[in-house]
Amino acid sequence: METETSLQDTAIKKWRFFMIFWPLLCFIFVGIVVSYPGMETENRIVGVAFAIIPLIFYTIGMCMIRRLLKERKYATASTIATVVSIESRLSASKNNRRVYFPIYEFQVGEERCRVKSPSGYSSSCVSKGQQVNLYYNPKDPLLFYVPIMQKRDRRWAMLLCGVGVVYPLIGLVSQISSTF
């Protein structure tokens, strides 16, 4: 049976593979679209855009996945934390939405640690006083994750990666089929 560390190392290796493989494949799609005979210039531009622009979403999603993997690899000690407060501030976007940062408190030996979520959320899925599972790095309790919040981040990462994968495929198929 594999240990948790070797599973995490395997997950990081898979992450590296896909972080390199998919963008390279998208650039191959660009080469196919650009060199495909009988295609008009406007269609080539659209095809290139369909292959390149979604890579921004893919990269953001993959960076989120990398952060989640790093947190899971190093934050191995489990504890129960209390949500002591939820800090909110206006986002930098035009519509001035509120962004929420939960603050957790937990015990590490004799020391009480208070940590703020590194990611802000448009809605808070935890409430003040709530007890949550929290994993932290025994050597550095500031590196932590809360499974409830990580589940939400993983969903967003998968959505962004999905957009980054599906759109280039749609673009390639539609560009090539439009010449028939």
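Keep in mind that what you see is a predicted model, and the values were worked out from it rather than measured.
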Checklist entry - Got a donor-acceptor contact below 3.5 angstrom from the Glu111 side chain to the Val108 backbone? => result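 Answer holds: no.
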Checklist entry - Where the side chain of Trp15 meets the backbone of Met62, is there a donor-acceptor pair that is under 3.5 Å apart? => result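 Here the side-chain-to-backbone pair exists.
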What's the separation between atom [atom1] in [X] and atom [atom2] in [Y], rounded to the nearest 0.5 Å?
X     : Y      : atom1 : atom2 : value
Met19 : Cys161 : CE    : SG    : 8.5 Å
Phe18 : Lys14  : CZ    : NZ    : 8.0 Å
Ile86 : Gln130 : CD1   : CD    : 8.0 Å
Arg98 : Ser88  : CZ    : OG    : 4.0 Å
Ile65 : Trp156 : CD1   : CH2   : 14.0 Å

Next on the checklist: What verdict does the side-chain contact (heavy atoms from CB on, under 4.5 Å) test give for Thr79 and Tyr136, after you've listed the backbone C-alpha separation in whole Å, the side-chain angles of each residue and the deciding distance to 0.1 Å?
Outcome noted: CA-CA 8 Å; Thr79 190; Tyr136 65 93; 3.8 Å; yes
Checklist entry - Going through the checks in order, is the side-chain contact (heavy atoms from CB on, under 4.5 Å) test met by Leu160 and Met64? => result CA-CA 10 Å; Leu160 292 170; Met64 289 175 71; 3.9 Å; yes
Next on the checklist: Walk me through whether Tyr104 and Val132 qualify under side-chain contact (heavy atoms from CB on, under 4.5 Å).
Outcome noted: CA-CA 9 Å; Tyr104 307 97; Val132 295; 3.8 Å; yes
Checklist entry - Between Phe27 and Ile52, does a side-chain contact (heavy atoms from CB on, under 4.5 Å) hold up when you go through it step by step? => result CA-CA 8 Å; Phe27 285 109; Ile52 299 297; 3.3 Å; yes
Item to check | Hydrophobic cluster partners of Ile103 (side-chain heavy atoms under 4.5 Å) | outcome: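 Its cluster partners, ordered by chain and number, are Val84.
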Check for me, please, whether [X] and [Y] land in the same ILVMFWY cluster - side-chain distances under 4.5 Å, paths through other members count.
X     : Y      : value
Leu55 : Ile60  : no
Val30 : Leu25  : yes
Ile32 : Ile45  : no
Leu24 : Val165 : no
Val33 : Leu169 : yes

If we only count heavy atoms from C-beta on, is the [X] to [Y] side-chain gap below 4.5 Å?
X      : Y      : answer
Lys70  : Ile12  : no
Pro168 : Trp22  : yes
Asp153 : Tyr121 : yes
Leu159 : Arg155 : no
Asn133 : Ile80  : yes

Checklist entry - Side chains of Thr82 and Glu105: do they bring a donor and an acceptor to under 3.5 Å? => result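 No, because no side-chain N or O of Thr82 sits under 3.5 Å from a partner of the opposite role on Glu105.
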Checklist entry - Taking the six-membered ring for Trp, are Phe50 and Tyr167 parallel (under 30°), tilted (30 to 60°) or perpendicular (over 60°)? => result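 Judged by the thresholds at 30° and 60°, the geometry between Phe50 and Tyr167 is parallel.
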Checklist entry - Aromatic rings Phe21 and Phe17: how do their planes relate, parallel, tilted or perpendicular, breaks at 30° and 60°? => result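 Ring orientation of Phe21 relative to Phe17: parallel.
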Can you give me every donor-acceptor pair (side chain of residues 138-151, partner residue at least two apart or in another chain, under 3.5 Å) with its distance?
from	atom 1	to	atom 2	distance (Å)
Asp140	OD1	Leu142	N	3.3
Gln150	OE1	Arg72	NH1	3.3
Gln150	NE2	Leu68	O	3.3
Gln150	NE2	Glu71	OE1	3.1

Checklist entry - Between Arg89 and Phe101, is NZ or CZ placed under 6.0 angstrom from the six-membered ring centre and within 45° of the ring axis? => result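 Yes, a cation-pi geometry.
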